[in-house]
**Q** 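The structure that follows is given in the form of structure tokens.
Numbering of ligands and ligand atoms starts at 1, following listing order. Quick note: residue numbers are just sequence positions, from 1.
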Amino acid sequence: MTEEAEGAEEAKGAEEIAVRVADGYFPVETLGPGRRLALWFQGCALACPGCMSRHTWDPAGGRDATVGELLRLWATALERGAEGLTVSGGEPLAQPVALAALLRGAGLLRERAGGTADLLVYTGHEPDEVPGKVWEALAGADAVVTGRFRVAEPTDLVWRGSANQRLVPRTPLGARRYGPHLARAYPPGPRVSLRADGTGTRVYGVPARGELRRLERHLATSGLRLTNPSWRP
Ligand code: SF4
């Protein structure tokens, strides 16, 4: 079988793989370099105190999707100039088969589009905490951010929520894109962006300590009161 035919077979298989997701949006500019498609997997058992995304914890929450559907979002984002894909959650490694297929398919589509967009995955795990087979699901990622969010250990380093979390490039593309940012601190100002539509208000990014409280207060002064924010127990 030619490489192209193998790729087509693989894409057909990935098409049907089920995945539970919380959200997906393009463009997001606060979760990695450039304008990115962000996909949030549903389900996380790690329950970090202070997590801003408690709505993603319940594995039965969110909605059903397929890897094929997510790859179509990625293809569209690439056509619109996406510079990267960020997979977050929830815990992406809780759905390793879907994650591996997504990254493989996203890598193929990226090559067809010119090969410059990177694939970044956030996981709350460290490499030695999960079976090797599960960790292998990250094989297609150009960079990963690893480790729990620890509310008592704030950091100024870009795209990391707490000082224990590590940003690790895994490919030459990842090294090129993330190497210059490994020790870079956020500039002063907001670290998150807001999106409001008919279904609610969403906060995208990695907030500084206290930023979400300040955001709530600021919105309240403008007459917008958030109900059931995802960072409240
Ligand atoms: S911060 Fe991430 S790893 Fe921790 S509970 Fe929230 S979604 Fe899970």
Side-chain angles (χ1 to χ4, degrees), residues 19-25 28 30-32 36-65 70 84-100 102-103 119-131 133-138 141 143-168 170 178 186 190-195 200-216 226 228-233:
V19 57
R20 195 90 187 159
V21 294
D23 197 7
Y25 189 67
V28 170
T30 49
L31 288 170
R36 312 179 67 83
L37 172 66
L39 298 171
W40 290 266
F41 276 32
Q42 182 70 29
C44 182
L46 300 179
C48 306
C51 169
M52 68 180 284
S53 307
R54 297 173 67 95
H55 65 296
T56 66
W57 288 8
D58 180 358
R63 68 176 181 87
D64 282 327
L70 302 186
L85 167 68
T86 298
V87 184
S88 185
E91 174 49 62
L93 284 179
Q95 301 183 74
V97 173
L99 177 64
L102 172 65
L103 292 174
L119 312 178
L120 170 69
V121 180
Y122 278 81
T123 172
H125 287 294
E126 301 289 355
D128 54 358
E129 279 186 326
V130 293
K133 265 216 113 25
V134 172
W135 195 257
E136 278 170 24
L138 295 166
V144 291
V145 176
T146 65
R148 308 282 195 282
F149 169 64
R150 294 190 192 148
V151 69
E153 300 178 31
T155 181
D156 285 332
L157 293 176
V158 289
W159 307 317
R160 282 145 282 185
S162 54
N164 62 297
Q165 292 181 323
R166 292 190 317 134
L167 171 57
V168 185
R170 293 166 58 94
Y178 291 88
Y186 279 106
R191 299 185 189 181
V192 297
S193 59
L194 267 191
R195 178 168 77 96
T201 303
R202 290 172 182 75
V203 180
Y204 297 146
V206 184
R209 197 180 204 172
E211 185 172 355
L212 294 175
R213 266 198 313 278
R214 288 194 295 278
L215 176 70
E216 273 187 81
L226 298 179
N228 303 324
S230 61
W231 47 89
R232 285 278 163 67

**Q** Taking only non-hydrogen atoms of S53, do any sit less than 4.0 angstrom from ligand 1?
**A**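 The answer is no, since S53 has no heavy atom less than 4.0 Å from ligand 1.
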
**Q** Suppose we measure from atom 7 (S) of ligand 1 to each protein heavy atom; which comes out shortest, and what is that distance?
**A** G90 N, 3.5 Å

**Q** As an exercise, identify every atom of ligand 1 less than 4.0 angstrom from a heavy atom of A47.
**A**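 Contacts of ligand 1 toward A47, numbered from 1: 5 (S).
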
**Q** Can you name the atoms of ligand 1, numbered from 1 with element, that are less than 4.0 Å from a heavy atom of F149?
**A** 1 (S)

**Q** From atom 8 (Fe) of ligand 1 out to just under 2.8 Å, does an N/O/S atom of C44 turn up?
**A**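 Yes.
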
**Q** Please check if any side-chain donor atom of T86 sits under 3.5 Å from a side-chain acceptor atom of R36, or the reverse.
**A**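 Side chains of T86 and R36: pair found under 3.5 Å.
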
**Q** Could you check whether D156 pairs with R191 (Lys NZ or Arg NE/NH1/NH2 to Asp/Glu carboxylate O, under 4.0 Å)?
**A**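 Salt bridge: yes.
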
**Q** Is a donor on one side and an acceptor on the other found under 3.5 Å between the side chain of T30 and the backbone of Y204?
**A** yes

**Q** Hey, is Y122 touching ligand 1 through its side chain, its backbone, both or neither, going by heavy atoms under 4.0 Å?
**A** neither

**Q** Cationic tip of R202 within the cone over Y25's six-membered ring, i.e. under 6.0 Å and within 45° of the normal?
**A**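 Checked: cation-pi criterion not met.
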
**Q** Measure the distance from atom 6 (Fe) of ligand 1 to every protein heavy atom, then report the residue, atom name and distance (to 0.1 Å) of the closest one.
**A**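 The answer is C51 SG, 2.3 Å.
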
**Q** How far is atom 4 (Fe) of ligand 1 from its nearest protein heavy atom, and which residue and atom is that?
**A** C48 SG, 2.3 Å

**Q** Within a radius of less than 6.0 Å around CZ of R166, do more than 12 heavy atoms belonging to other residues, nucleotides or ligands occur?
**A**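 Atom CZ in R166 is not packed in, count stays at 12 or less.
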
**Q** For the backbone of T155 and the side chain of Y186, can you confirm whether one donor and one acceptor N or O come within less than 3.5 Å of each other?
**A**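 Answer holds: no.
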
